[in-house]
Amino acid sequence: MDKLKISTAQFENKSGDKAYNISVIDKLAKQAADEGSKVIAFHECSVTGYTFARNLSKKEMLDLAEFIPNGPSVVKLTEIAQKYDIAILAGLFEKDENDDLFKAYVCVDKNGLVAKYRKLHPFINPHLKPGNEYCIFELYGWKCGILICYDNNIVENVRATKLLGADIIFMPHVTMCTPSTRPGAGFVDPVLWENRENDPTSLRLEFDGMKGRSWLMKWLPARAYDNAVYVVFANPIGMDDDQLKNGCSMIIDPFGDIIAECRKLDDDIVSSVITPDKIGKAGGHRYINARRPELYRDIIGQDHNSVQKVVWRSDK
């Protein structure tokens, strides 16, 4: 593996407005390519919008969703990748020939679709079906994986993706600033976003506190550290339907250190050069080699009834 420059993005998407969202992806992909990046990652459902889908019927979801790889949005993403010679990772709702619906995330480059992943733990709409497999693919000589939002909260998913060979895990999210049973959680008042030019401090205090970034820092760096992987985290900023999101898209290295982070209260990208030498030097690499799976193989693999509760979804 050689050094590789990667960008991650944050932007305020418009619900259901694919043309607008793709236009922003185009603009930010160009910016990343102009800076020398070979890859740029966007957030979960960055093409379609996300939170508004909780209110859609199955017919409305089918109208919004697309076939992959031949749907118009993936075709357009491929055209952008060709135009700037940059690999693009972005999310949308997918449908298949049986009218089954999935939360999908794709990687395209100038030659077309490189990888497609279906979220293992979807919840935003009751008509979504879960994916049932991990995704490992290659970009510029690097083995990569994808885990979408809630998937990353189950630590086994991250470890499994690493054990399948991933040294970079793309983690697209629409997260933070929602109620939870944990102390300090809750929505952020949209008025603060509307007033961000006059009073950025009050908004930043909410975004960086326990409603947002401080919660993220409890666990996201640990995913990178424990598994000796680069984490490419992408999250929207601004209004996603009626919920305000705090961005802070970032790249974390295998030591668990943040090496790039979006800090603007606006659409933004950041970039970083990733290097293969960190992987072998990281503590997580040594700990993975020291594992004794014979001790816990049967414990981890025992039968289990999966129950997924999303606290802020009071309708579920």
Side-chain angles (χ1 to χ4, degrees), residues 41-69 71 73-74 89-107 113-137 144-166 169-176 178 180 219-220 223 227 229 231-236 240-241 243 300-316:
F42 295 91
H43 60 267
E44 176 185 18
C45 283
S46 45
V47 170
T48 54
Y50 177 67
T51 304
F52 82 111
R54 71 190 190 276
N55 300 315
L56 299 184
S57 66
K58 184 167 185 180
K59 181 183 182 304
E60 290 170 325
M61 286 293 292
L62 287 169
D63 289 342
L64 177 67
E66 299 184 17
F67 296 109
I68 297 175
S73 293
V74 175
L89 294 101
L92 69 162
F93 293 108
E94 178 194 6
K95 60 184 174 184
D96 67 12
E97 64 279 358
N98 298 316
D99 283 348
D100 288 332
L101 290 156
F102 304 92
K103 172 77 66 56
Y105 196 73
V106 298
C107 176
L113 185 71
V114 176
K116 179 187 77 173
Y117 172 77
R118 291 170 170 172
K119 189 175 183 178
L120 306 177
H121 298 272
F123 62 84
I124 199 64
N125 183 282
H127 302 293
L128 290 169
K129 292 195 170 185
N132 287 307
E133 59 184 356
Y134 297 110
C135 174
I136 303 296
F137 60 101
C144 304
I146 299 167
L147 292 168
I148 299 175
C149 201
Y150 200 103
D151 298 344
N152 294 283
N153 297 128
I154 290 84
V155 296
E156 289 88 347
N157 288 331
V158 185
R159 176 52 57 91
T161 302
K162 170 64 180 185
L163 292 178
L164 288 169
I169 303 181
F170 293 95
M171 298 185 178
H173 280 63
V174 176
T175 193
M176 296 180 278
T178 52
S180 171
W219 63 271
L220 187 64
R223 301 293 189 268
N227 295 287
V229 293
V231 162
V232 182
F233 170 82
N235 191 51
D240 181 59
D241 192 39
Q243 294 185 12
I300 293 174
Q302 65 184 296
D303 291 340
H304 171 69
N305 179 33
S306 178
V307 177
Q308 184 177 347
K309 176 63 176 175
V310 179
V311 175
W312 69 266
R313 291 296 308 273
S314 58
D315 56 324
K316 289 178 70 67

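None of these values were measured; they are calculated from a predicted model.
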Donor on one side chain, acceptor on other, N235 and T175, under 3.5 Å: no
Write down the atom of [X], the atom of [Y], and the distance for their closest heavy-atom approach.
X    : Y    : answer
V47  : A90  : CG2-CB, 4.2 Å
A104 : I148 : C-CD1, 4.3 Å
F123 : Q308 : CD2-NE2, 3.5 Å
S73  : L92  : CB-CD1, 4.2 Å
W312 : Q243 : CZ3-NE2, 3.0 Å
V74  : E66  : N-OE1, 4.2 Å

Approximate separation, where rounding is to 0.5 Å, of [X] [atom1] and [Y] [atom2]:
X    : Y    : atom1 : atom2 : result
E133 : Y117 : CD    : OH    : 10.0 Å
Y50  : H43  : OH    : NE2   : 11.0 Å
C144 : L89  : SG    : CG    : 8.0 Å
N152 : L120 : CG    : CG    : 9.5 Å
C107 : L113 : SG    : CG    : 8.0 Å
M61  : E94  : CE    : CD    : 11.5 Å

Side chains of [X] and [Y] in contact at under 4.5 Å (non-hydrogen atoms):
X    : Y    : result
M171 : L220 : yes
T161 : N227 : no
F102 : D96  : yes
C45  : F93  : yes
N153 : H121 : no

Carboxylate-amine/guanidinium proximity below 4.0 Å for K95 and D99: no
Pi-cation contact, Y105 with K116 (under 6.0 Å, within 45°): no
Criterion side-chain hydrogen bond (donor to acceptor under 3.5 Å, both in side chains) against T51, the qualifying member of T178, D240, D241: D240
Polar side-chain atom of N125 near backbone of L56 as donor-acceptor pair, under 3.5 Å: yes
